[in-house]
Peer 1: 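My questions all concern the structure below.
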Number of protein chains: 2
Amino acid sequence: MNDLSNHEQAIELLQELGLKEYEAKAFVALTRLPTGTAKEISEISEVPRTRVYDAVRVLETKGLVEIQHANPQRFRAVSIDEAAETLRREYEERTDSLRATLRTIEPAAPSEETEVTHEVWSLSGDSAITSRTRQLVDESGDEVILVIGDESAYTPKLQERLQAAGDRDVSVVIGITDEPLRERVERELPGAKVFASGLEWLSSSAETGDETVIRRLLLVDRNTILVSSFHEDLGIGHDHEQAVFGRGFDNGLVAIVRRLMYTGLLSNGDA
Amino acid sequence: MNDLSNHEQAIELLQELGLKEYEAKAFVALTRLPTGTAKEISEISEVPRTRVYDAVRVLETKGLVEIQHANPQRFRAVSIDEAAETLRREYEERTDSLRATLRTIEPAAPSEETEVTHEVWSLSGDSAITSRTRQLVDESGDEVILVIGDESAYTPKLQERLQAAGDRDVSVVIGITDEPLRERVERELPGAKVFASGLEWLSSSAETGDETVIRRLLLVDRNTILVSSFHEDLGIGHDHEQAVFGRGFDNGLVAIVRRLMYTGLLSNGDA
DNA sequence: ATCCGAATTAACTCATATAATCACAATAAG
DNA sequence: CTTATTGTGATTATATGAGTTAATTCGGAT
């Protein structure tokens, strides 16, 4: 169940990379052979022999397979690194084009003004959330309060932004329960106040069977918050990370978080 | 037909990057608005209003859109760079996993020996062909004859490999019709013989309406050849590049190329 | 030359996924 | 309370891909 599941995994990956099922299966089969005929491929993959030809021809046009026109035809997969590199480049080119193309059309149709003091947005994915976090820190005017619930959320880039905020006289306050991380942050961000107590409510309450981990909690200028969390289910990867990001002093969500944050601070003897 | 075709281009790109039609259209629409409701999106894209919700929800889980849960719901696209970066990373991770996974399964089923003296393989795509070219140069034992039909085929890496071949006493002969390129190669590869005449047959014969351009022509040890060509159709990009690669001294194809190459050489007073 | 079997191509059927439409429930505004 | 708008769910149609079968080609043996 191990080697097999690796095959399946490879096949799935290839499909996610845009190949059809037969193409993916045929490619994996070819990867296991120095060279193969349609028959051989059909035998070790689950591709009907008569369809191996289509599949392989497509693979050839994608630069993943070479074809020997003989009788019977023989096929050969390019090396693993070559294949991966070919696919990677293909997508890199696409994302680059996308960037360029989107830039040319950004101008939008005008719509009425939407003056909102109360905003609550939800977003997901580590990347999007990290990016929004940075932006909020950069925009801060006089105070940033950040609770870091997971070591991986404290990146060098974030440290840099926090440092910069501190340098322009924004008060930076950081809450961390994890002891070793706390010490590290204290060392790396001398200008910031780091506190630990008063955050008991943060830890995932095992009593309630709650597997949700709060990863970051940010309050900027008492006005804007960002809360992100993920479930402790599937292994590593903060892909599943979900976040809510809200604006407006009188926003209920913001008010609650403000309360919690200041409670934590107070119990620490600060604020 | 310009701005419109840009939209369409962006939509197509997004679909190639794995989004569904509605998702792609909705995203492009959102890109043009600072913020948008389902109705607005539906109006400027061609997505039925009732389907905007699904599409946007998917986009949100992919980290491309943020959702404001209000009434009416408002949606906002992340910045262009963020979107492109998010997608790029996604595919990078996949190609990396693929590489790793394929490595674990390479061991193949044993098949009978296939000792072939006559091989002819076809392959396509600049990347695959470039890679095979390098490999052949690296494997050369005593002679490399290379005709470069297009400046872009002469890369620093190739130069390096040719240099290395020369250093291990392989005779390196290079044919180039393009005058400026010829001089450059002579300068950069002092150990190689560079010739120009006798290659008239190479130029695409406009008489026959033949738009095919020979990009590279390689003969290694009088035994192995590689011929690559592309059509002068769609703008730039050697994506369409097609190649044939053959082995075996008595291989007909190899023989023909050998004849051509030596003719070129002879008329130059060498060989 | 003719026949036979394997190799290859092409065509068709079926299942699934996605696009497109519709009907209805929830909500807010008048 | 009424009505227009927003959002959800179910339904139909269409396109795409998987799976199958038949027809063609090709090489070798009779």
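Values below: all heavy atoms of this structure, side chains included; hydrogens, waters and symmetry mates excluded. Throughout, protein chains are lettered first and strands after them, A, B, ... in sequence-line order, and every chain is numbered starting at 1.
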Peer 1: Between A:Glu92 and A:Arg89, is there a salt bridge with N-O shorter than 4.0 Å?
Peer 2: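 So A:Arg89 does not pair with A:Glu92 through a salt bridge.
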Peer 1: Side chain of A:Thr50: nearest nucleotide among C:dA10, D:dG19, C:dA19?
Peer 2: C:dA10
Peer 1: Report the distance from atom NE2 of B:His69 to atom P of C:dT27, rounded to the nearest whole Å.
Peer 2: 15 Å
Peer 1: Using heavy atoms to find the nearest nucleotide of DNA chain D for A:Gln15 and B:Gln73 separately, return the residue whose nucleotide is more 5′.
Peer 2: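 The 5'-side residue here is B:Gln73.
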Peer 1: Tell me the interatomic distance from B:Asn71, atom CG, to C:dA26, atom P, rounded to whole angstroms.
Peer 2: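 Value for this atom pair: 14 Å.
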Peer 1: Do NZ/NE/NH1/NH2 and the carboxylate oxygens of A:Arg132 and B:Glu66 come within less than 4.0 Å?
Peer 2: yes
Peer 1: Rounded to the Å, how far apart are B:Asp54 CG and D:dT6 P?
Peer 2: 17 Å
Peer 1: Of all the nucleotides listed (D:dG7, D:dG9, D:dA18), which has the minimum atom distance to the side chain of B:Arg51?
Peer 2: D:dG9
Peer 1: In whole Å, what is the span from the CG atom of A:Leu19 to the P atom of D:dT16?
Peer 2: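 In whole Å, D:dT16 P and A:Leu19 CG are 18 Å from each other.
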Peer 1: If I take atom CZ in residue B:Arg49 and atom P in nucleotide C:dA20, what distance separates them, rounded to the nearest angstrom?
Peer 2: 16 Å
Peer 1: I'd like to know if B:Glu82 and A:Arg134 make a salt bridge, using a cut-off of under 4.0 Å between side-chain N and carboxylate O.
Peer 2: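 Between A:Arg134 and B:Glu82 there is no salt bridge, as every charged N stays at least 4.0 Å from the carboxylate O atoms.
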Peer 1: In terms of ring plane angle, is the pair A:Tyr53 and A:Phe75 parallel, tilted or perpendicular, where the classes change at 30° and 60°?
Peer 2: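 Perpendicular: the ring planes of A:Tyr53 and A:Phe75 meet at over 60°.
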Peer 1: Tell me: CD1 of B:Ile11 to C1' of C:dA19, nearest whole Å?
Peer 2: 15 Å
Peer 1: So, is A:Tyr53 near the phosphate of C:dT9, with a side-chain N or O under 4.0 Å from OP1 or OP2?
Peer 2: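 No.
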Peer 1: B:Ile67 has an atom CD1; how far is it from atom C1' of D:dT6, in whole Å?
Peer 2: 15 Å
Peer 1: Of the nucleotides C:dT9, D:dG7, D:dA18, which one has an atom closest to the side chain of A:Tyr22?
Peer 2: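 Shortest atom-to-atom distance from the side chain points to D:dA18.
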Peer 1: Base, sugar-phosphate, or nothing for A:Pro48, non-hydrogen atoms under 4.0 angstrom?
Peer 2: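 Base: the residue A:Pro48, judged by heavy atoms under 4.0 Å, touches a nucleobase.
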Peer 1: In whole angstrom, give the distance that lies between atom NZ of B:Lys39 and atom P of C:dA28.
Peer 2: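 Whole-Å distance recorded here is 17 Å.
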Peer 1: Can a donor-acceptor pair be found between the side chains of B:Thr130 and B:Arg216 at a distance below 3.5 Å?
Peer 2: yes
